[in-house]
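Worksheet for the structure shown next.
Just so you know, these numbers come straight off a predicted model, no measurement behind them. By convention here, the first residue in the shown sequence is residue 1.
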Amino acid sequence: MSAGDGYKYLLRSVVAGDGDRSLSTPLTRYYAEAGNPPGRWLGSGLTQLGEGRITPGEEVSEQQLQLLIGMGCDPVTGDPLGRAYPVYQTPAERIAERIEVLDANLGPASRAEAIAEIEAEEHARGTRKAVAGYDYTFSLPKSASVLWAVADAGTQALIADAHHAAIAEVIDFMEREVAATRVGMTGADGGAVAQVDTFGLTATAYDHYDSRSSDPHLHTHVVVSNKVKTTLDGRWRSLDGRPMHAATVALSELHEAIIADHLTRLLGVEWEARDRGRDRNPAWAIRTVPEELVLEFSTRARQIDAEKDRLITEYVEKHGRQPSAAAIIKLRAQATLSTRPEKQVRSLADLTLEWRKRATTPLGREASEWVREAIPAAPARVLRADDLPLDEIEKIGRAVMEVVGEKRSTWHRWNLTAEAARQTMEYRFATARDREAVTGMVVDAAERASLRLTPPELAATPARFQRPDGSSAFRPRHGTLYSSEALLDAEKRLLERSRTLTGPELPLALIERVIRRPDREGRMLGPDQADALTRIAVSGRQLDLLVGPAGTGKTTAMLALRTAWEQQYGAGSVVGLAPSAVAAEVLAGDLGIKTENTARWWTLHIMTGRTFRAGQLVIVDEASLAGTLALDRITGAAAKAGAKILLVGDYGQLQSPAAAGAFGLLAGDRHDTPELSTIHRFTHEWEKTASLRLRLGEPDVIGVYEDADRIIGGTTDDMTARAYEAWRADREAGIASILVSDSGESVAALNLRARTELILADVVNPLRGEVTLDGGARASVGDTVITRKNERKLRARFSWVQNGNRWTITKVRRDGSVTVRPAGPGRGESIVLPADYVAQHVDLG
């Protein structure tokens, strides 16, 4: 959170307190007031402020918040807490300063050119802002929020108390394991070198009841001040931001486990893991809260229905009759577009009454009656730290290491902590300290199962710079880097194959003849393409590379290589692999070769003994997206068979969701890595160069895009709306473009808006039937959908259903199945998707 006015959003919906209320908690004290409760103070760092006059739980005033977060001052005395927040110059100020010192002897043309360059550079830099704090959001699990929303006042208060207690325990954990500052000598990079302890954190907490759509969403914004007092010398400094960011996921997982423990101890509820679909960890939910009720409070159905009813009433008044079924569908579509809600300020009493009414339909009875049954009468069994046997701890620790090792090439303790919290979520503990102790033991076991990459300390550290556990303050806490022997062994084998020169190769004369000819569309290879292909063809390497940024003509180069290779080794001597089925299919279409996705090929290799043959060229496209272990297995099979593997991709693009990095490792191991550098794809010359600079991570290139009006800024809502309008304009112009957002919730909202407008345009027709998709969205004939799971049994003559395929629905059947055909140009054969597949693995597209 930036210094200055960054804190003010917290105050927009806060009830104005009058100081005369006597009820026990903020949520009950302000139950009938429109708005959210005032903030309250948290953290043991409060003892260092205002001569100890602030206590945890005490209300935060706007003036106190402005002093601490806005100005970096003591919220009681107003005294500065260490150095004032730096105020950085704006681009305009820096431009004026630099122009002032320009050489007076420059001519008008040279001066104008210099000023233009200065302006471009300074606008690209933007305005820096000091960090005043860190804004964490602690949310109840959705099922717990739903139970809280419809429960009686006493149960609501208990759940809220548990929520607040869990937050306090996570803050306490942060103070002991995360919070630190940096002191000591200043190095060449300007950073202090010793990481030392603080007297604790100072934080403010603001409770919010609901989401923008008035769905129950009890959550608390906790703003941790960047100002901390150092135990070493009593001076005020800033938090070390590195662990604050590194620990975020682990803190989230730990908080979810702690709040589950609290609610089990208080209410006796049990928890179960519920699948959330592809590539997502399961969500833990209270077992007695049905998913149908959770979904009711995860959509805007109520608001849309209310607006639809209002529009129908208007229609009847205007036309003197009820609208037809088709007209009702369009009225509902209008209601969907017009009910994009502004954040409303309402009382908890009002919201609770509404939530109980909404819960009646999915429950089929009164919510208050259901709540009594949803909360068990008998207390649940909880564990102490020593209830778990040590061999079970070791077993979980090894499983944690293996799961993290599948996703990462290297890891730190915080990565292991996050996974340990997930893997121990099934257990309920008596206290937060019991859970913390077990999580810590599991992480210790996971570290023992990992391979330590950070060398041990070889020199003694003065006692003044040692932590209580004896570790050196000159090493960041929990900063040790780990990997696994299996991963390092795989990398070693890949490097050895890349250096081995016994693989099949082509005669130089043959490859030279091929690269001098035009391709089937009359295009000649560029110099960089010809050079790269020649080096690949004659290298004799078992494992070779072709590196190319987007738009450099990798496909054209591979096509020429395939032609030459088949002249030497015969038809079918070039085969392809890719990390996904869709990428494999694209490769097959581009090169006219047999392809398969890497996981499928390995499964068939294990099951049937299917492998490569001597003299083959195996092209692995999008190789930066392939996991290291998968590449090791495939290249090992190719080397054993006497085939050559060619990895094609770009180390500057996205990496694999599995443990990755091998492509970049292999490229960096050679001084002569074949690499394409000439961009062919862009229309504008400046964009070719800019894309290469962007790929290399040069910050100044942002100014180039800004000068070309390629960057638009604004609030999340504004940007979402503008992106949608641009996408819609492209669609109407017949241009295929993609709309990318930052969350699944936002994507779902954008899909809903697109579908609604297509209903109004008569492209989508719900009268011909509707089906419910994964996540609760609905689809009809004319809708574009995307399949999210490979399913080879669902196939036509020449295609099958793949993860990432986009389809158009052509028929909705009574049993919930749908007939689809490929979306986009070229179309293709229709396929029937069964009802269970539709419900679990299909999204709006």
Side-chain angles (χ1 to χ4, degrees), residues 521 523 548-556 578-591 595 621-622 625 650 653-654 679-684 687-688 690-691 694 705 708-712 719-742 744 746-765 773 777 779-788 790 796 798-810 818-831 833 842-845:
E521 295 181 11
R523 295 172 301 190
T552 50
K554 294 190 292 292
T555 299
T556 303
S580 70
V582 171
E585 192 172 81
V586 170
L587 182 64
D590 287 341
L591 301 189
T595 64
D621 200 13
E622 303 286 1
L625 290 169
D650 180 16
Q653 293 182 356
L654 289 176
I679 304 287
H680 303 281
R681 180 172 298 167
F682 295 109
T683 303
H684 304 288
E687 201 161 5
K688 297 179 180 180
S691 71
L694 191 67
Y705 286 94
D709 292 328
R710 293 296 181 87
I711 300 172
I712 301 171
M719 292 302 93
T720 301
R722 292 191 66 168
Y724 178 84
E725 293 299 335
W727 172 85
R728 180 172 62 177
D730 277 356
R731 187 184 184 281
E732 291 173 354
I735 301 170
S737 64
I738 58 172
L739 190 55
V740 182
S741 192
D742 62 345
S746 181
V747 168
L750 289 164
N751 268 321
L752 175 63
R753 181 176 175 185
R755 178 176 189 258
T756 301
E757 292 191 355
L758 293 173
I759 290 173
L760 291 172
D762 292 323
V763 175
V764 171
N765 186 356
L773 310 179
S780 308
V781 171
D783 267 315
T784 300
V785 294
I786 189 167
T787 47
R788 294 296 191 183
N790 289 336
F798 305 112
S799 62
W800 50 279
V801 173
Q802 299 169 356
N803 177 21
N805 284 155
R806 294 171 72 249
W807 312 81
T808 300
I809 296 179
T810 57
V818 296
T819 303
V820 296
R821 66 165 183 244
R827 300 302 180 179
E829 297 176 294
S830 294
I831 292 179
L833 303 179
V842 177
D843 287 340
L844 286 173

Is it true that a side-chain atom of [X] and a backbone atom of [Y] form a donor plus acceptor pair closer than 3.5 Å?
{"X": "Thr552", "Y": "Pro549", "value": "yes"}
{"X": "Asn803", "Y": "Asn790", "value": "no"}
{"X": "Asp730", "Y": "Ser737", "value": "no"}

Contacts of Glu732 that satisfy side chain to side chain donor-acceptor pair (under 3.5 Å) - sequence neighbours left out: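 Per chain and number, Glu732 pairs via side chain to side chain donor-acceptor pair (under 3.5 Å) with no residue.
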Residue list, salt bridge (Lys or Arg N to Asp or Glu O under 4.0 Å) with [X], at least two apart or on another chain:
{"X": "Arg710", "value": "Glu687"}
{"X": "Arg523", "value": "Asp519, Glu521"}
{"X": "Asp762", "value": "Lys330"}

Under the side-chain contact (heavy atoms from CB on, under 4.5 Å) test, residues paired with Ser580 that sit two or more places apart: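 Checked Ser580 against side-chain contact (heavy atoms from CB on, under 4.5 Å); matches are Val582, Ala583.
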Set of ring pair (Phe, Tyr, Trp, His ring centres under 6.0 Å) partners for Phe682, sequence neighbours left out: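 By the ring pair (Phe, Tyr, Trp, His ring centres under 6.0 Å) rule, Phe682 matches no residue at all.
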Do [X] and [Y] touch side chain to side chain, with heavy atoms closer than 4.5 Å?
{"X": "Arg722", "Y": "Met719", "result": "yes"}
{"X": "Arg731", "Y": "Leu758", "result": "yes"}
{"X": "Val801", "Y": "Leu833", "result": "yes"}

Given Leu750, Thr784, Val764, Val763, the one that forms side chain to side chain contact (heavy atoms under 4.5 Å, CB included) with Arg755: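 With Arg755 as partner, Leu750, Thr784, Val764, Val763 yield a single side chain to side chain contact (heavy atoms under 4.5 Å, CB included), made by Val764.
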Gap between atom CG of Asp590 and atom CD of Glu585 - 0.5 Å precision: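 The CG atom of Asp590 is 11.0 Å from CD of Glu585, to the nearest 0.5 Å.
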